[in-house]
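Each chain gets a letter, A, B and so on, in the order its sequence line appears, and its residues count up from 1. Every value quoted in this text rests on a predicted model; they were computed, and no experiment measured them.
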Amino acid sequence: MSEGLISTAVTSALHEALRKAQTDGQLRLEVWPSLVFDIPKRAEWGDLSTTVAMGLAKGEKRSPREIADVIASHLQGDTDLFDHVDVVPPGYINLTLKRDQWFRVLTEIERQGASYGASRVHEDQKILIEFVSANPTGPLHVGHGRGAAVGDALARLLSLTGAEVSREYYVNDVGTQIETLGKSVLMRVQQQDAGDHDQNAALPEGLYQGQYISAIAAAFMESHPSGTRTPGEGDAVEIGRFAKDIIFHDIREDLRMFNINFDEVFEEHTLYDDGVVQGALDALRAKEYVYTADDADWLATSRWGDDKDRVVKRANGQYTYFASDIAYHMHKFNRGFQRLINVWGADHHGYVPRMIAMIHALGYSEDRFQVSLVQLVSLVRSGKPVAMSTRAGEFVTLREVMDEVGVDAARFFFLMRRSDTPLDFDLDLAKRNSNENPVFYVQYAHARIASLFKMAREQGMDCPSVSEVTLTELGLPEELALIKKLAEYPEIISESARSLEPHRVAYYLQELAASLHSYYYKHRILQADAPELTSARLVLMRAVQTVVRNGLAVLGVSAPEAM
RNA sequence: GCGCCUGUAGCUCAGUAGGAUAGAGCAUCGGACUUCUAAUCCGGUUGUCGCAGGUUCGAUUCCUGCCAGGCGCGCCA
C-alpha cells in the first residue's frame, strides 16, 4: 500500500526493526504483522504513527507497551531517517522524521513531474471499464454525465497506477427499444405530414416524449422528401435506425465536449451477428448451467447466490438482455481482460447478483468483476430543486449543464462526492468565482502560482531546480505542512484507485489548495533582498503547482494558468 | 415481504481493511486590502457519529436486532 517516498522508507525501517527484534530473540513474530501507518490527528503525535505493537500483543503474550518499546529501540538507531521515536500508551509508536527526509519529496516531485503520483500497484492488469452505455434513444442527461465523469476518472486512476485500461461504451441496439424509438419518431412524422404542428401534444404511453423526437422527425422528412407516400407502421424499424444514428452521433459529440473518449464502442447486435450469444449459451449448457424449463432457457444463477434462476431465452424464442450480457462479458474475458469494471446507475443494483453468478458460471473468480454504482444527481438552482421528470421527457441534459457551468465545474462536481451517494448539484455555486466554489478554489491555487512565476520572470527570476537551492531556508511550519501534504499525494492516488473512489482526490485537492492559499497569504514569496529564501520558496511553489495539476488531471479538470 | 444503499455539526458532506480528544466547506458572528491575484486569509460558535445490544484492551468503523429515508425485486429494457 505504501507508494510514497516517505512511507516506503519508513515501512522498510519498521520491517528492519522487527526483523532485528526477532533475530535478537526479543519478539517471536510467528505471524508477520502488516505494516500500516497513520498520519496522526495531532502534530505532537509525530509525522507518522503505527499501532503495530497493539496488534502483536496477543500473539507475543506481552503488553503492547513493552513490544512498542522493543520496536522503538531498534527504530531509534536509524538516525538518518528519524529525528525521534516516541512510545505512547497503550502502545502507539509515534515517528518524527528528520526534516531532510521531507525535503526529498521536493526532489522527487521535480524528478517525476506529471508522473508524480503514478505507481505500479495495478501493474500487469488489463482492465476494461465499461461506462455511460446509455441507450441511444435520447440525449445524455445529468445522471449519465456523472457516470461518464466517474468512469473516466477511474480509467485515469487505474492507468496511473499501472494498469492497461480500455474505455468501452456498450450500445443496446437490439430489441424493442429501437422499434419504440422508431414508432415515436414516426408519430411525429405523421403529425407533421398532416400539417399538425402542435408538437407538444403528448404521445401515447410508452413512447419517447422529448422535443428531440420532433427534431429527428423533421430531419427525417427533410432527407426523405414527401410526395411519394406517408410513412406507415412498416417503416418504424427503418426510422428507428435513422433516429438511433442521429442520437448516438449527438451522444458522442456531447461526450467529446465533456472530454471523454472511448477506446471502443461495442454494439450489441454484433454479439448476435457473430454467434457469440449462441456460443456462450451452448458452452454454459454443456456445463449444465443452462437448462430448459417451461419452454424457456434459464441460467442457474441461484447456484451462486442469486434469488432465482434467470431466463436467457424466452418461450417466444427471443433472447433476453441478460443473454446478451452473458455473451458480452464472456467476450470481454476472451479479449484478454483480467478485470472488468462496470459503471452503472444505482437503480440497476438489483442486477448485480445475477451478474456475479454469471461470472462464476463462465468459470471466473468474482473478484475479477466489479460494479461501481453511481447514484442520482439532483440539480439545485436558487436553493430549489430543478424539476425533472423522465416520464414527461423533461430531463435536464448533460449538454445544458455543460453549457451553463462549463466542463470543468461539471466534472469536478460530479466527482466531489462518493459516487454511491446521491448528489445535489448546485448550479449557482458551480458558476461562482469565489472560494465557496471548490472547483474555483482549487483551480485558483494553480493559477495563483502561475501568476507568481510570471511576476518572478518579470523581475528577472526563473524558478530554479531543487539542486540549486538551499532547502533549509524552508523553515516555517506552514512550509513543512505543505511538503507533508505533497508527500501524501501518491497514497491518495493508490488508495483512490484501489477503492475505486475518485472523490478522495477531489477532497485532497481542496485541502492542498487551502494549505497553499493560507501560506501564500501569510508569507511573501518573492523577496528581492532574500534571494536564497525566494529561490527555495519558488521551488516549493512549483512542487505544489505540479501536484495540483496532476490531481486535477485525474479528475479531467483543466489547470488554468490565469483566471 | 425480501434484497441493496444511506443515516456523522443548523445545511452539504469527508473519515470507517478497529486505534489517541470525530473533521472540512457552507451558514452565522468578529477581524485583515500602502502586498506576488482580498477571486484570498485569520479567529469564535456547533456533535446522544439514527437507536439498542454484542465482539474487543479499544467500535463512528465489525456482528445482530430495530427505526427512518432512497432504490430494486418480470419469460421488461
Side-chain angles (χ1 to χ4, degrees), chain A residues 1 34 36 38 40-42 44-45 49-51 54-55 57-58 63-64 88-92 94 135 137 172 174-178 180 206 293-298 305-322 324 345-353 373 375-376 380 383 416-418 420-424 426 429 432-438 440-441 443-445 447-456 458-459 461 495 498-499 501 503-504 506-508 510-511 513-514 516-528 534 537-538 541 562-563:
Chain A
M1 152 177 168
S34 62
V36 183
D38 289 322
K41 283 181 278 196
R42 306 171 75 90
E44 64 261 34
W45 294 337
S49 106
T50 177
T51 58
M54 276 118 97
K58 191 168 276 180
S63 77
V88 179
Y92 292 98
N94 292 342
N135 294 332
T137 54
N172 293 122
V174 174
T176 55
Q177 281 190 114
I178 301 302
T180 305
D294 302 329
D295 298 327
D297 292 347
W298 304 70
D306 194 11
D307 294 341
K308 48 177 283 200
D309 293 347
R310 304 293 171 175
V311 170
V312 292
K313 189 178 184 182
R314 302 196 291 241
N316 67 9
Q318 286 188 318
Y319 291 103
T320 61
Y321 264 34
F322 188 46
S324 314
D347 54 339
H348 290 85
H349 71 260
Y351 208 75
V352 174
L373 295 172
Q375 279 283 7
L376 291 178
V380 176
M416 72 182 181
R417 301 274 179 254
R418 232 173 62 215
D420 63 351
T421 66
L423 170 69
D424 283 326
D426 187 331
L429 179 61
R432 210 166 295 159
N433 288 352
S434 76
N435 60 354
E436 297 156 82
N437 180 352
F440 178 85
Y441 188 75
Q443 287 186 317
Y444 179 47
R448 216 173 189 185
I449 296 171
S451 155
L452 181 72
F453 287 138
K454 189 169 164 233
M455 184 64 68
E458 282 167 16
Q459 296 175 13
M461 278 181 281
E495 272 300 284
R498 184 192 60 77
S499 58
E501 292 181 342
H503 73 276
R504 293 171 186 240
Y507 271 88
Y508 170 82
Q510 291 177 74
E511 289 167 10
L516 181 275
H517 286 308
S518 172
Y519 172 68
Y520 185 95
Y521 185 82
K522 279 191 218 161
H523 305 289
R524 196 175 169 79
I525 288 148
L526 304 178
Q527 298 191 34
T534 300
R537 287 183 172 177
L538 283 173
M541 287 301 101
M563 296 176 77

For His523(A) and Tyr519(A), take the angle between the two ring planes, folded into 0 to 90°, and tell me which bin it lands in: parallel under 30, tilted 30 to 60, perpendicular over 60.
tilted

Over all strands shown, is Arg42(A) touching base, sugar-phosphate only, or nothing at heavy-atom distances under 4.0 angstrom?
base

What's the gap between C29(B) and U45(B) when it is taken at their C1' atoms, as a whole Å value?
8 Å

In terms of heavy-atom contacts, Asn316(A) and Gln318(A) come closest through OD1-N, 2.8 Å

Here's a test of your reading of the structure: between His517(A) and Leu423(A), which maps to the more 5' nucleotide of RNA chain B?
Leu423(A)

Name the nucleic acid region contacted by Arg524(A), choosing base, sugar-phosphate or nothing; use a 4.0 angstrom heavy-atom cut-off, strictly under.
base

Atom of Val311(A), atom of Thr320(A) and distance for their closest heavy-atom approach:
O-OG1, 3.0 Å

Given A14(B), is OP1 or OP2 found less than 4.0 Å from the side-chain N or O atoms of Thr421(A)?
yes

Are any of Lys522(A)'s side-chain N or O atoms less than 4.0 Å away from OP1 or OP2 of C36(B)?
no

Under 4.0 Å between any heavy atoms, over every strand shown, what does Phe440(A) touch: base, sugar-phosphate, or nothing? Just pick one.
base

Have a look at Asp309(A) and say if it touches a base, only the backbone sugar-phosphate, or nothing, with a 4.0 Å heavy-atom cut-off.
nothing

When you check the phosphate oxygens OP1 and OP2 of G74(B), does a side-chain N or O of Arg310(A) lie under 4.0 Å from one of them?
no

Whole Å only: how far is the CE atom of Met54(A) from the C1' atom of G18(B)?
10 Å

Return no unless some side-chain N or O of Arg417(A) is found under 4.0 Å from OP1 or OP2 of G15(B).
no

Check this one for me: any side-chain N or O of His503(A) less than 4.0 Å away from OP1 or OP2 of G15(B)?
yes

Base, sugar-phosphate, or nothing for Thr180(A), non-hydrogen atoms under 4.0 angstrom?
nothing

Where do Gln177(A) and Tyr321(A) land on the side-chain hydrogen bond (donor to acceptor under 3.5 Å, both in side chains) test, with the steps shown first?
CA-CA 11 Å; Gln177(A) 281 190 114; Tyr321(A) 264 34; 3.0 Å; yes

Counting only distance, no hydrogens or angles, is the base of A20(B) paired donor-acceptor with the side chain of Thr51(A) under 3.5 Å?
no

Phosphate oxygens OP1/OP2 of C41(B): is one of them under 4.0 Å from a side-chain N or O of Asn435(A)?
yes

Name the nucleic acid region contacted by Met455(A), choosing base, sugar-phosphate or nothing; use a 4.0 angstrom heavy-atom cut-off, strictly under.
sugar-phosphate

Reckon Ser518(A) has a side-chain N or O less than 4.0 Å from the OP1 or OP2 of C42(B)?
yes

Determine: side-chain N/O of Tyr92(A) to OP1/OP2 of G58(B), distance under 4.0 Å, yes or no.
no

Relative to the 5' end of RNA chain B, which residue comes earlier, Trp45(A) or Pro422(A), by the nucleotide with the nearest heavy atom?
Pro422(A)

OP1 or OP2 of A20(B) versus the side-chain N and O atoms of Lys41(A): is any pair under 4.0 Å?
yes

Does A39(B) have its OP1 or OP2 closer than 4.0 Å to a side-chain nitrogen or oxygen of Arg432(A)?
no

Reckon Arg314(A) has a side-chain N or O less than 4.0 Å from the OP1 or OP2 of C76(B)?
yes

If you go through the side-chain atoms of Tyr521(A), does one of them form a donor-acceptor pair with the base of A32(B) closer than 3.5 Å?
yes

At under 4.0 Å between heavy atoms, what does Asp294(A) touch on the DNA or RNA strands: base, sugar-phosphate, or nothing?
base

Measuring from Asn172(A):CG to Thr137(A):OG1, what's the distance to the nearest 0.5 Å?
9.5 Å

